[in-house]
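These notes are about the structure you will find just below.
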2 protein chains.
Amino acid sequence: MSEAPSYKERKVITIGVVSELTGLSERQIRYYEERKLVFPERSPKGNRKYSFADVELLIDIANKREEGVQTYEIRQDMIREEKKREKRMRKQLLRGEINARFGIQRER
Amino acid sequence: MSEAPSYKERKVITIGVVSELTGLSERQIRYYEERKLVFPERSPKGNRKYSFADVELLIDIANKREEGVQTYEIRQDMIREEKKREKRMRKQLLRGEINARFGIQRER
DNA sequence: CGTGTAAGGAATTCTGACACG
DNA sequence: CGTGTAAGGAATTCTGACACG
């Protein structure tokens with residue numbers, strides 16, 4: 001195991017295609033990056049590359065914006081969600097460590 | 001159910017990115033299309049768009065070419081494979097139809 | 001046959017800025 | 001704040017062709 005396939009996360013889509021896929025203008029997409037809502041990668045010469053996950057995120061953002069939610073609030077919500085996720089991850093990790101020591105017995 | 005997600009099949013990757021992903025030159029990628037080995041979609045203005053499935057196919061093609069297999073033979077193999085697939089599909093479909101009538105009972 | 005390359009043009013993307021509100 | 005637009009330049013992509021082998 002090394003190269004995770006993960007088509008959803010690979011950053012390979014150019015901004016023009018993302019624009020078609022989301023219905024957002026390129027201006028809007030770049031602005032949401034400026035507001036730290038999306039983080040495309042860059043090709044060697046500086047062109048933005050997005051993943052399918054980014055496309056879905058942008059669609060969520062577009063929906064929030066239509067409801068009148070400001071980019072700042074959207075960002076705060078994202079940060080909160082991220083912290084919850086991390087909390088869960090830490091718990092999971094802890095459980096894993098406990099199992100490794102006292103749980104499942106493996107050959108030695 | 002309507003919009004199948006299917007990240008693997010969505011044609012959204014430009015030829016430059018495909019070139020990076022596969023290690024093939026754009027010239028080679030276009031030539032394999034000419035030889036009917038890959039079938040990218042086109043954007044409104046005519047730019048080629050590939051899927052992750054296409055990228056994997058191109059990598060397979062690249063490997064075959066390295067072994068000295070000609071594009072014509074590769075195409076013949078692909079056609080043979082396709083026919084096998086269709087055969088299996090017809091069988092599956094047939095089974096499904098039988099089940100629909102005499103197998104699993106559903107409410108009516 | 002398979003691939004490189006130079007050619008010319010059209011479309012894409014980038015950045016920084018002015019505009020409106 | 002969020003988005004449109006004109007501006008100028010650089011990079012991308014396209015097609016048809018000549019080249020070599």
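All chains are named by letter (A, B, ...) in the order of the sequence lines, taking the proteins before the strands, and each is independently numbered beginning at 1.
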Residues passing the salt bridge (charged side-chain N to carboxylate O under 4.0 Å, His left out) test with E9(B), sequence neighbours excluded, are none
By a strict heavy-atom criterion of less than 4.0 Å, which residues belonging to residues 35-54 of chain A are in contact with DNA chain D? R35(A), K45(A)
Nucleotide dG2(D), atom P - distance to CD of E33(A) in whole Å: 15 Å
Once side chain to side chain donor-acceptor pair (under 3.5 Å) is applied, do any residues pair with R88(A), and if so which ones, sequence neighbours excluded? none
Hey, does the side chain of Y31(B) come within less than 4.0 Å of dT3(C)'s phosphate (OP1/OP2), counting only N and O? no
Could you check whether any side-chain heavy atom of V18(A) comes within less than 4.5 Å of a side-chain heavy atom of T14(A), counting everything from C-beta outward? no
Where each pair must be Watson-Crick or G-U wobble with both distances under 3.5 Å, what dot-bracket representation of DNA chain C is obtained, with crossing pairs in [ ] and other-strand partners as |? .||||.||.|.|.||.||||.
Tell me: CD of E34(B) to C1' of dG4(C), nearest whole Å? 14 Å
Residues in side chain to side chain contact (heavy atoms under 4.5 Å, CB included) with E81(A), at least two apart? K84(A), R85(A)
E41(A) and R48(A) ion-paired at < 4.0 Å: no
Which residue pairs pass the ring pair (Phe, Tyr, Trp, His ring centres under 6.0 Å) test with at least one member in residues 51-91 of chain A, sequence neighbours excluded? F52(A)-Y7(B)
State plainly whether the residues R30(B) and E34(B) are in salt-bridge range, i.e. N to O under 4.0 Å. no
Pairwise salt bridge (charged side-chain N to carboxylate O under 4.0 Å, His left out) hits with a residue in residues 60-73 of chain B, at least two apart: none
Strand-adjacent residues in residues 20-30 of chain A, judged by heavy atoms under 4.0 Å from DNA chain D: S25(A), R27(A), Q28(A)
OP1, OP2 of dT12(D) versus side-chain N and O of T14(B): anything below 4.0 Å? no
Is there a side-chain contact between K83(B) and I79(B) in this structure, where contact means two heavy atoms from C-beta onward sitting under 4.5 Å apart? yes
Is a salt bridge present between E20(A) and K49(B), judged by a nitrogen-to-oxygen distance below 4.0 Å? yes
Which pairs with one or both residues in residues 20-43 of chain A pass ring pair (Phe, Tyr, Trp, His ring centres under 6.0 Å), sequence neighbours excluded? none
Contacts of R42(B) meeting salt bridge (charged side-chain N to carboxylate O under 4.0 Å, His left out) (sequence neighbours excluded), chain-then-number -> E33(B)
Taking only heavy atoms on the protein side, list every residue of residues 61-70 of chain A lying under 4.0 Å from any atom of DNA chain D, sorted numerically. R65(A), Q70(A)
Identify, with sequence neighbours excluded, every residue that meets side chain to side chain donor-acceptor pair (under 3.5 Å) alongside E86(A). none
Please determine if a side-chain N or O atom of Y32(A) lies less than 4.0 Å away from the OP1 or OP2 oxygen of dT3(D). yes
